[in-house]
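For the single chain, residues carry numbers from 1 onward in sequence order. Here the structure is a predicted model, which means the values were calculated and not measured.
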Amino acid sequence: KYKEEIKMAFIIKNGEDVAYNVVELVCDTAAEVAQVPTTYAVGSTLFVIENATAYMLNSNKEWKLL
């Protein structure tokens, strides 16, 4: 139902901290946001084509509108 488009590395390093599984996702409609898995790392992003909005996955594993 959603399309996954990876535009960045799966591993991000900031000093000594490494974040795995940070991804960028794309879906067609806002209705699909609720169906996108939340199994990715905090900071992963989701772009909705229909209304040009972006979401980010927070530490509670919720997609939050930016």
Side-chain angles (χ1 to χ4, degrees):
K1 301 251 178 184
Y2 69 95
K3 297 175 182 128
E4 183 173 348
E5 183 177 319
I6 301 168
K7 296 182 181 178
M8 60 190 295
F10 279 92
I11 301 173
I12 296 176
K13 186 168 183 174
N14 181 11
E16 295 301 315
D17 297 329
V18 178
Y20 295 90
N21 204 25
V22 175
V23 297
E24 286 189 357
L25 305 168
V26 176
C27 63
D28 290 319
T29 68
E32 295 174 321
V33 173
Q35 300 171 353
V36 178
T38 58
T39 55
Y40 304 107
V42 172
S44 293
T45 55
L46 170 62
F47 184 77
V48 180
I49 296 169
E50 174 183 61
N51 54 9
T53 56
Y55 292 78
M56 185 173 281
L57 191 63
N58 69 12
S59 60
N60 292 325
K61 296 296 185 175
E62 301 168 320
W63 291 108
K64 293 294 186 175
L65 183 63
L66 297 179

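Annotation: side chain to side chain contact (heavy atoms under 4.5 Å, CB included) contacts of T53 (sequence neighbours excluded): V48, N51, Y55, L65.
To the nearest 0.5 Å, the span separating CD on E62 from CE on M56 amounts to 14.5 Å. Here E32 contributes atom CD and L25 contributes atom CG; the two are 11.5 Å apart, rounded to the nearest 0.5 Å. T45 OG1 to W63 CH2: the interatomic distance, rounded to the nearest 0.5 Å, is 7.0 Å.
K64 NZ: 12 or fewer foreign heavy atoms inside a 6.0 Å radius.
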For a side chain to side chain contact (heavy atoms under 4.5 Å, CB included) check, start with the C-alpha distance between L46 and L57, then their side-chain angles and the critical distance, and finish with the verdict.
CA-CA 8 Å; L46 170 62; L57 191 63; over 6 Å; no
